[in-house]
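Notes follow once the structure below has been shown.
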Amino acid sequence: MENIEALQDIKRYSKLGKLSVFVGAGVSRLSKLPSWNGLVQDMADELGYQYEKDKDGNAKFSQEELLKIPQMYYLSKGNDIYRNKVQNNFENSCSPNEIHDLIFSLHPNHILTTNYDTLLEETAIKFGRNFSILNSDSTVARAETLNYIIKVHGDFSTDFVLKEQDYLNYEKN
């Protein structure tokens, strides 16, 4: 019964033009983009950082390590190498997947995402929807539509949030 009520709510808010959807990294992972853990593991390996692995060879990082390792990488390698490292991990010729299509079939007005990639934007175009991309404070005032894709962690056209200092300065920046 709960699922039916949830679906009715989604339909109602969609019709009212008030449906917002949150999209996390799991959706982009289905398109073969890296996970947060995988990205940090790549940095840890390059730094020679020792960590425990699970049975599949994936790093078992604490929440603290997921922030500290990118910070260490940044401090060790510098901004340009750090930024290139992150961007290069996302330069994969991938396409939006079925979940992206399903999200847009709900006719959301706003999408909030922590993802840096452009798969949501590509799907919006496919569905003939025009969304303003809000990836920093400065883009909010320039929004040209009433529909937004809000990139709460930024993207590669501006600053992005990944390392510890980014989270500590999030409210200020």
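Taking the ring-ring contact (aromatic ring centres under 6.0 Å, His included) definition, one finds that Tyr51 meets it with Phe61, sequence neighbours left out. Ser138 meets the side chain to side chain contact (heavy atoms under 4.5 Å, CB included) test with Ser136, Arg142; sequence neighbours excluded. Judged as a salt bridge (charged side-chain N to carboxylate O under 4.0 Å, His left out), and not counting sequence neighbours, Lys32 has no contacts. Partners of Asn58 by side chain to side chain contact (heavy atoms under 4.5 Å, CB included), not counting sequence neighbours, listed by chain and number: Gln41, Asp54, Asp56. For Glu91, there are no salt bridge (charged side-chain N to carboxylate O under 4.0 Å, His left out) partners two or more places apart in sequence or in a different chain. In terms of the ring-ring contact (aromatic ring centres under 6.0 Å, His included) criterion, residue partners of Phe90 (sequence neighbours excluded) are, by chain and number, Tyr116, Phe156.
In this structure the side chain of Ser62 never reaches within 4.5 angstrom of the side chain of Lys68, judged on heavy atoms. When side chains are defined from C-beta on, Tyr148 does not count as touching Leu112, because their heavy atoms never get closer than 4.5 Å. For the pair Lys126/His100, no side-chain contact is recorded, criterion being any heavy-atom separation below 4.5 Å from C-beta on. Residues Leu162 and Val86 have side chains in contact (heavy-atom distance under 4.5 Å, counting atoms from C-beta outward). Side chains of Thr114 and Lys151 form no contact here, defined as non-hydrogen atoms less than 4.5 Å apart. Phe131 is not listed as a side-chain neighbour of Glu121, based on a closest heavy-atom distance of 4.5 Å or more.
Val21 and Leu134 are assigned to two separate hydrophobic clusters, defined by single-linkage of ILVMFWY side chains at heavy-atom distances under 4.5 Å. Note on Ile125: it does not cluster hydrophobically with Leu120, by side-chain heavy-atom contacts below 4.5 Å among ILVMFWY residues. By the criterion of side-chain heavy atoms lying less than 4.5 angstrom apart, applied directly or through intervening Ile, Leu, Val, Met, Phe, Trp or Tyr residues, Phe22 is grouped together with Tyr170 in one hydrophobic cluster. Met72 and Leu67 end up in the same hydrophobic cluster when Ile, Leu, Val, Met, Phe, Trp and Tyr side chains are linked at under 4.5 Å. No continuous path of hydrophobic side-chain contacts links Val161 to Leu168 [ILVMFWY only; heavy atoms under 4.5 Å].
Of the inter-residue distances, the one linking Ile10 atom CD1 with Glu5 atom CD reads 12.5 Å to the nearest 0.5 angstrom. One distance of note links NZ of Lys18 with CZ of Arg12; it measures 10.5 Å at 0.5 Å rounding. From Gln50, atom CD reaches atom CG of Asp45 across 9.5 Å, with rounding to the nearest 0.5 Å. Note that OG of Ser20 is 7.0 Å distant from CG of Asn109, once rounded to the nearest 0.5 Å. Taking CD1 from Ile150 and OG1 from Thr113, the interatomic distance works out to 10.5 Å, rounded to the nearest 0.5 Å. Atom NZ of Lys77 is separated from atom OH of Tyr82 by 14.5 Å, given to the nearest 0.5 angstrom.
Cation-pi check for Lys163 over Tyr74 is met; the charged atom lies under 6.0 angstrom from the ring centroid and within 45 degrees of its normal.
The backbone N or O of Met43 lies less than 3.5 Å from no partner atom in the side chain of Glu46, so there is not a single donor-acceptor pair. A donor-acceptor contact shorter than 3.5 Å links the side chain of Thr139 to the backbone of Asn135. Judged purely by atom type and a 3.5 angstrom limit, Asn115 has no side-chain atom pairing as donor or acceptor with the backbone of Asp117. Looking at Thr145, its side chain does come within 3.5 Å of a backbone N or O of Asn147 through a donor-acceptor pair. The backbone N or O of Ser132 sits nowhere less than 3.5 Å from a side-chain atom of Glu144 that would complete a donor-acceptor pair. In terms of modelled atom types and a separation under 3.5 Å, the side chain of Ser14 and the main chain of Lys11 share no donor-acceptor contact. Ser35 places a side-chain N or O within donor-acceptor distance of the main-chain N or O of Gly38, the cut-off being under 3.5 Å. With hydrogens and angles disregarded, no donor-acceptor distance shorter than 3.5 Å links the side chain of Arg29 to the backbone of Gly24.
Residues Ser31 and Asn97 have side chains that bring a donor and an acceptor to within less than 3.5 angstrom of each other. For the residue pair Thr123 and Asp101, no side-chain donor N or O sits within less than 3.5 Å of a side-chain acceptor on the partner.
Pairing each heavy atom of Val23 with each of Ile111, the nearest pair is CG2-CG2, 3.7 Å.
Within a 6.0 Å radius of CG in Leu75, more than 12 heavy atoms belonging to other residues, nucleotides or ligands are found.
Remark: of the listed residues Val27, Leu30, Leu33, Leu33 is the sole one forming a side chain to side chain contact (heavy atoms under 4.5 Å, CB included) with Leu119.
If you look at Tyr167 and His153, their ring centroids are closer than 6.0 Å.
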